[in-house]
Amino acid sequence: MRTVENSLSPSKTQAPSLFLERMQFFYELFPYPNRPIFLKPNPKGSIDAHAGFAQILAGNSEIPAGSRIDDLQLRDVRHAFSINKRIALVGCGTDEPLLFRTLHPHNPMVAIDLSHRSLLRAERKIRWHQLKPVTLVHGDAETVLKREGLFDHIQCFGVLHHQPHPKKLLKTMAESMNSGGTLRLMIYSSNGRRLERGLQKKFNALWRDILPHVSEQQPSSKMIKLKITWASLKLLCWRLLLPVAASSAKSGRFRYIGLSRARVADALLHPSDHALSLRDTLTWAGKYGLRLVSFRAKSYDLGWMEAHTHLQTPLQTLVAEEERGNISTNIVLVFQKVGSI
Ligand SMILES: C[S@@+](CC[C@H](N)C(=O)[O-])C[C@H]1O[C@@H](n2cnc3c(N)ncnc32)[C@H](O)[C@@H]1O
């Protein structure tokens, strides 16, 4: 594993650096999603995560005659993305390197994360399953990407809405893509997470308290870790009791979190989970030469809203639903790099 020097600048005190330091502190404590090491992803169940799937959506590769997007098989998507093409996993967490190495057994692959512990777990998982190593780089993706050359596919799931400057990370990703390359992005719905953000606010003071200590390797940081760990245990108990103590609507609303401490902390204790507007994200993407080729999200009223290259559900409908706070899932967007910045 490599560490990109100075990418975390712990001595600087301006807001963006502290922002990243807090997030790093959080993900060192709660590596995400941290599934058990022996669970091997089934590539046939994750065809839509394959870079070849994104290439087909982008129209760079043909769908086999007589097939529809939903019928694509692993061999079709593998055919659409040759083994010398480069993949970057931005904010890869503990499990994405394993999933992507399973989907792409031979492609050059760089996985980047702020959390050293997450990368160690990712590395252990790949070794356990005896797969070809992935290049793991510890640091801030914005800095790391600038040093890693161009990619043909970038996966960035659950990361952009945590950034101090999401627009800058999106721009850096666009600049790091070969023409025709694809970006698969997942962002939270900005209004749909109001309840989660309301709960997170209750822990603001905790995060504010620990701010001056975060970057220091002092005994006091042990106390800070204890306080946050204690808060996460209380939240886990709350989550466990929800089905018996709350209405079925409220309990159902939080069911997606599951029962793992990492997931409970990620949803309810996060120090930097900010509302990111879908409209702004799409505007920035257009400015950076990224063409939207697919989107997928679920609306409470309209059900699944999904569209590929020839966008069936109008994009305006998705944006309007998102602005009404009516999206019940995360939003998955696939872009193709078409222009220069
Ligand atoms: C919610 S987790 C998502 C993990 C993974 N993408 C997934 O979907 O399973 C967010 C991850 O992004 C990492 N991260 C956040 N901001 C980052 C940045 N600026 N550079 C590198 N990693 C970052 C965090 O450390 C964390 O592991």
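If you read the sequence from its start, that first residue is 1, and numbering goes on from there. Order of listing sets the numbers, starting from 1, for every ligand and every atom in it. The basis for the numbers below is simple: all heavy atoms, side chains too, and nothing from hydrogens, waters or symmetry mates.
- Distance alone, capped at 3.5 Å, places no donor-acceptor pair between the Thr94 side chain and the Pro31 backbone.
- Closest to atom 9 (O) of ligand 1 among all protein heavy atoms lies Pro33 CD, 3.6 Å.
- For ligand 1, the polar-atom distance check finds no N/O of Tyr27 at less than 3.5 Å from any of the ligand's N/O atoms.
- Residue-ligand proximity, Gly93 to ligand 1, at heavy-atom distances under 4.0 Å covers atoms 4 (C), 27 (O).
- Atom 12 (O) of ligand 1 has its closest protein heavy atom at Gly91 CA, 3.4 Å.
- Considering only residues two or more places apart in sequence or on other chains, Arg261 meets the salt bridge (charged side-chain N to carboxylate O under 4.0 Å, His left out) condition with none of them.
- Which of Tyr32, Phe157, Phe19 comes nearest to atom 2 (S) of ligand 1 through a heavy atom is settled by distance: it is Tyr32.
- Close approach of ligand 1 to Gly139 (heavy-atom distance below 4.0 Å) involves ligand atoms 20 (N), 21 (C).
- When the options Leu145, Val144, Asp113 are ranked by their closest heavy atom to atom 26 (C) of ligand 1, first place goes to Asp113.
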Step by step, would you call Tyr32 with Asp95 a side-chain hydrogen bond (donor to acceptor under 3.5 Å, both in side chains)?
-> CA-CA 8 Å; Tyr32 182 94; Asp95 288 29; over 6 Å; no

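- For the side chain to side chain contact (heavy atoms under 4.5 Å, CB included) test, residues two or more places apart in sequence or in another chain that qualify with Arg75 are Gln73.
- From the protein, the heavy atom lying nearest to atom 22 (N) of ligand 1 is Leu114 N, 3.1 Å.
- Checked against a 3.5 angstrom limit, the closest N/O atoms of Met23 and ligand 1 fall outside it.
- The six-membered or imidazole ring of Tyr27 lies away from that of His116, with a centre-to-centre distance of 6.0 Å or more.
- Ligand 1 places these atoms under 4.0 Å from at least one heavy atom of Asp140: 18 (C), 19 (N), 20 (N).
- Not a single heavy atom of Pro31 sits less than 4.0 Å from an atom of ligand 1.
- With Glu28 contributing its side chain and Arg117 its backbone, the two residues share a donor-acceptor pair below 3.5 Å.
- Relative orientation of the His50 and His104 rings is tilted, given thresholds of 30° and 60° on the angle between their planes.
- Not one N or O of Val159 is nearer than 3.5 Å to an N or O of ligand 1, by distance alone.
- Aromatic ring centroids of His274 and Phe19 lie under 6.0 Å apart.
- Taking all heavy atoms of His162, Arg263, Gln163, His161 into account, the minimum distance to atom 16 (N) of ligand 1 is reached by Gln163.
- Heavy-atom proximity to Gly158, at under 4.0 Å, picks out these atoms of ligand 1: 1 (C), 10 (C).
- In terms of protein heavy atoms, atom 7 (C) of ligand 1 is closest to Glu96 OE2, 3.6 Å.
- Close approach of ligand 1 to Ala141 (heavy-atom distance below 4.0 Å) involves ligand atoms 18 (C), 19 (N), 20 (N), 21 (C).
- Side-chain atoms of His138 come within 3.5 Å of backbone atoms of Leu114 as a donor-acceptor pair (strictly under, hydrogens ignored).
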Steps toward salt bridge (Lys or Arg N to Asp or Glu O under 4.0 Å) verdict (Asp48, Arg296) | CA-CA 11 Å; Asp48 57 346; Arg296 182 176 158 84; 5.4 Å; no

